[in-house]
There are 2 protein chains.
Amino acid sequence: MAEPSTARSLKRTSWPRKAAASVGDIDTSYLESLTGYNARRAALTIISVFLDRMAQYELRPVDFSVLSLIAHNPGITSRQLCGALDMLPPNLVGMLRELEGRGVIEKREHPTDRRAQGLHLSAAGKKLYAKAQRTATELEVDALHDLSAEERETLHGLLRRVYRPQRKSGEPDQPG
Amino acid sequence: MAEPSTARSLKRTSWPRKAAASVGDIDTSYLESLTGYNARRAALTIISVFLDRMAQYELRPVDFSVLSLIAHNPGITSRQLCGALDMLPPNLVGMLRELEGRGVIEKREHPTDRRAQGLHLSAAGKKLYAKAQRTATELEVDALHDLSAEERETLHGLLRRVYRPQRKSGEPDQPG
DNA sequence: TATTGTTATACTCTATAACTATA
DNA sequence: TATAGTTATAGAGTATAACAATA
């Protein structure tokens, strides 16, 4: 009710983890042999840190992803964002409206398609995103302090091969 | 309304991905340098396959995880499940009630703590879980056909090091 | 006084159907 | 006829507060 209008709550997802000791008594070895389980646990762990560090910018992971794609692809359309982030169009509408309301992004007319609209960062949006990207890059190193740079690269490569299907043989696609 | 009573819908999460070509035009390189982004995308990809293959047993990933921990830790309590799976107690109540209603699990009195209850698979639950675990193991290989067994092991090890903090030095914990 | 399991509830996330204006 | 953006809405997932029974 009486909250800052544009702001969202962005509350912490974490919950007191002192019960972690009890996990030691439980055999989780089979679940830990499954990639989906491990990938989801790892993602949630990093996202928790992400939420903490990005709260200062009032950006959730999905907001950051959207801003990042707009920053690196000025004029990208809503539909392209959906394709790249695997989101559904209706779920993007409110987000974009909010970011526009905050003065972070701008919608301009598309050069060739009058149905579509090109998305751009505002001047303020560019400043915000630059800071947020620095924070994200730092966060990456801090949250993964146990992994060397080489191990992180290995991890990313393997994960991409999971979610991005390999080309069969002579299939043309974007060159590495 | 006129649906099988205990059953849940378990609908597909996927949505027609033919627009995937558009991703090729978009620069996603920065996002792909972030572990959280890659891990989440990979997890969602595998979970999508999981949902398809496990629909025959009417088990969602979380149901399978719960059954797996009960199967490998007979007499485990609700609270221990929450600790191991990073779930909140209120969100487990309905799930356990449903699984009990389906005759898959049983609640028995805890040997030492009368507040708690030990969870066990029923005979039918053991059969169901045995089939489901076989399916999960097969799925693992099929969904990750691009990765060798060694690469999968490497991936799992790295992911575990992300979500499970390493012991400092002389910290006693479960031996590898 | 703290913990287990529970109820009630609110908020967020994800999905579908259907509309409009353009292509 | 198909697509971009939108509205409205339903359903699943995730969070908090508070309670009774037991430790």
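Proteins get letters first, then strands, A, B, ... in listed order; numbering begins at 1 in each. Bear in mind that the values here come from a model prediction, so they are computed numbers and not experimental data.
Classified by interplanar angle (parallel below 30°, tilted 30° to 60°, perpendicular above 60°), the ring pair A/Y37/B/Y163 is perpendicular. Classified by interplanar angle (parallel below 30°, tilted 30° to 60°, perpendicular above 60°), the ring pair B/F50/B/F64 is perpendicular.
Between the A/N73 side chain and the B/D27 main chain, a donor and an acceptor come within less than 3.5 Å of each other. Not a single donor-acceptor pair under 3.5 Å links the side chain of B/S48 to the backbone N or O of B/L44. Side-chain N or O atoms of B/S122 include one that pairs as donor or acceptor with a backbone N or O of B/G125 at under 3.5 Å.
Near-neighbour residues of DNA chain D inside residues 106-114 of chain A, defined by a heavy atom below 4.0 Å, number-ordered: A/K107.
Side-chain contact check for B/K131 versus B/Q56: every heavy-atom pair is 4.5 Å or farther apart. A 4.5 Å side-chain heavy-atom check between B/L159 and A/R41 finds every atom pair outside the cut-off.
Taking atom CD1 of residue B/I47 and atom C1' of nucleotide C/dT14, one finds them 13 Å apart after rounding to whole Å. Taking atom CG on A/L92 and atom C1' on C/dC13, their separation rounds to 14 Å, with Å as the unit. Between B/L88 atom CG and C/dT4 atom P there is a gap of 14 Å when expressed in whole angstrom units. Following rounding to the nearest Å, A/R79 (CZ) and D/dT6 (C1') show an atom-to-atom distance of 10 Å. Across the protein-nucleic acid pair, A/N91 atom CG and D/dT9 atom P stand 16 Å apart, rounded to whole Å. At whole-Å resolution of the value, CE in A/M87 and P in C/dC13 are 10 Å apart. With rounding to whole Å, B/L85 atom CG is found 14 Å from D/dT14 atom C1'. Rounded to an integer number of Å, the gap from B/D86 CG to D/dA15 P is 8 Å.
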Show me the protein contacts with nucleotides 19-21 of chain D, counting only N or O atoms at under 3.5 Å.
none

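Regarding contacts with the backbone of D/dG13, a side-chain N or O of B/R60 is found under 4.0 angstrom from either OP1 or OP2. Using a 4.0 Å cut-off, some side-chain N or O of B/Q117 falls inside it from OP1 or OP2 of C/dT6. Within the structure, a side-chain polar atom (N or O) of A/S78 is placed less than 4.0 Å from OP1 or OP2 of D/dG5. The shortest distance between the side-chain N/O atoms of A/R97 and the OP1/OP2 oxygens of D/dT7 is below 4.0 Å.
Note: the hydrophobic cluster containing B/V62 also contains B/I46 (ILVMFWY, side chain heavy atoms under 4.5 Å, direct or indirect links).
Side-chain atoms of A/T35 and B/E140 form a donor-acceptor pair, as typed in the model, at a separation below 3.5 Å.
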